[in-house]
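Reading through the structure tokens given below for one structure.
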Amino acid sequence: MSNEFAFRTATEEVEHLALELAETRALLREISQRLGLIERHAKRLLPPTAPKNASSRPRRRPAPAVTPPTISTEEARALFDGLAESLRRGEAVAVDEQLRSLSVPDLALMAKELGVPIPHRPSRRGLYAGIAGRLKESAMLSGRFPQRQSAD
Amino acid sequence: MPASPKTVATINFKGGVGKTTVTWCLAEALSSFSDSRVLVFDLDAQMSLTQGIALNQDTGFLEDRFAKWYQTSKDRKKTIFDALDKFARPSSHFDFPVGLDFVYQVGPRLHFVPSVEDLYWMELDVFDRDGVKDFIRRLLGKIVSSPKLPSYDYVLFDCPPSFTLLSYSVLSCCDLVLIPVNPDFFASYGTRLILSSLKMRIEPFPVPRLRVFMNKARTYGNVPTKETKFYMGEVARVCREAAESEGIDAGFMTAWIPDRVGIKRAIRSGGVPSELLPDFKTLWQEVSTSLT
């Protein structure tokens, strides 16, 4: 740069960012190494807090079985349209009950069809919130504000 | 008497949906790839389109040719503001000849009427709002009958993101209102506001045809994402409901424009990127069908 007030060019910006990333990566490696050292040191110094036997070891929760949805994508979309129409008519409680009655796989399919971001392990709460959000948007776009939903 | 051009006003009360870029891209594609003569108006006091055309893409400074023309236009009091000022004066004949000092030649078939900063204050200065509603209609009449200007096939208006005097004047006389929306709630909500209030706002003038389309569509593999499709469906429904309840000709178009950086740069870089041209041609074909 010719003087301290000149802006960096696009190429210089990329180089600058690459440098920052490299420095940050190096920093993270160092932190990781130090944590590893502390962990090994602590294990040598401190006695184990509980005997290693099967009864005391905490039981690991089994991974949730991947259950397929019970409805098709078309049915999920039609179901949503029905719920949205009900909400526009003011049937917020019925909509809430119906939504809560759906299984997690069915909720996940519906959320996917609506473009709701879904995490790797979707929770019922998160899926419900995402779909409820879309329902509210649909109702508001019709100029009909939905009644207050029950707390999840 | 020469035929009147078809007029299209691009509007949405939500800012940032791409009104200016789409207006320009349609005009540029139409004038470059067909024999149509197109006139574009920048009616926004923010002057986004004017700045985009005026600034040289390489240097970032004002394009010499436009700068000289613009200054001459202002010196001769031949800007859109001067025209409106003349029109709005009480008991005054609208004596405002128009020629190439009012219209800037961007290309052989693409002409442009820029905005000026004075439009910022216009809303405060003009008291007779009803008296201004005929302004665009009368101005178009002068343009059509001017021996110094070519016959335009289409006139496109880039409207401001609010209901100003000028947008009122345009909406009162245009053939079609083009409403770009984005795949998000607030842009879609703006559509509902326009559709539900337009008839009331521009009465007793007939409501022009309203066509809504998805702009800045998010895609995956060149296909709109599910989220984008959700909003397309919702906006299409809003259009149907408005058409029924308000008794207006409102529809959601099937053509959509993807969200691409190249489109945002189109005004300053000389035109629509070639890989995006088919999208704008498809959009224009639907617009053109709606105009007939």
Side-chain angles (χ1 to χ4, degrees), chain A residues 5-11 13-14 69 71-90 95 99 105-119 122 126-146 149, chain B residues 12-14 17 57-60 179 181-200 212 214 216-221 223-246 248 250 252 256 258-259 261 265 269:
Chain A
F5 298 110
F7 289 106
R8 286 188 286 263
T9 63
T11 311
E13 280 288 353
V14 169
I71 54 178
S72 66
T73 53
E74 291 80 17
E75 284 168 337
R77 190 61 224 219
L79 186 55
F80 174 82
D81 290 341
L83 288 170
E85 185 52 44
S86 297
L87 190 61
R88 286 193 286 272
R89 285 197 301 264
V95 167
L99 204 52
D106 288 349
L107 285 172
L109 178 64
M110 188 185 286
K112 185 184 167 195
E113 285 306 302
L114 297 170
V116 174
I118 304 174
L127 291 169
Y128 171 91
I131 296 169
R134 286 282 193 255
L135 285 170
K136 284 174 194 169
E137 285 183 14
S138 181
M140 287 174 76
L141 286 170
S142 284
R144 288 168 238 178
F145 293 86
Q149 293 288 323
Chain B
N12 191 323
F13 298 148
K14 169 85 171 57
V17 296
Q57 58 163 335
D58 296 318
T59 66
I179 306 173
V181 294
N182 295 165
D184 67 70
F185 173 73
F186 294 104
S188 307
Y189 194 72
T191 309
R192 193 183 75 75
L193 285 176
I194 297 172
L195 297 181
S196 62
S197 64
L198 194 61
K199 191 175 180 182
M200 178 188 70
V212 186
M214 186 58 68
K216 299 189 189 180
R218 285 187 274 274
T219 59
Y220 185 76
V223 172
T225 60
K226 293 211 189 284
E227 185 182 27
T228 298
K229 283 182 185 171
F230 167 74
Y231 286 109
M232 282 172 157
E234 288 301 308
V235 175
R237 181 178 55 75
V238 167
C239 290
R240 279 195 307 272
E241 287 175 357
E244 261 181 52
S245 63
E246 302 290 323
I248 56 177
F252 185 73
W256 49 271
D259 187 14
V261 168
R265 295 180 185 152
S269 62

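So that the names make sense, note that chain A is the first sequence line, chain B the second, and so on, each numbered from 1. It should be emphasised that the depicted structure is a prediction, and the values quoted were computed from it without experimental measurement.
- Contact of B:R218 with chain A is not made at all, since no heavy-atom distance falls under 4.5 Å.
- The minimum heavy-atom distance between B:P183 and B:M214, with the atom names listed, is N-SD, 3.4 Å.
- Looking at every heavy atom in both residues, A:I71 comes nearest to A:L109 through O-CD2, 3.1 Å.
- The closest donor-acceptor contact from the side chain of B:N182 to the backbone of B:D184 lies at 3.5 Å or more, if one exists at all.
- Both the backbone and the side chain of B:S188 come within contact range of chain A, judged by heavy atoms closer than 4.5 Å.
- Of the two parts of A:R134, the backbone and the side chain both hold a non-hydrogen atom closer than 4.5 Å to a non-hydrogen atom of chain B.
- The minimum heavy-atom distance linking A:K112 with B:K226 is given by the pair O-CD, 3.0 Å.
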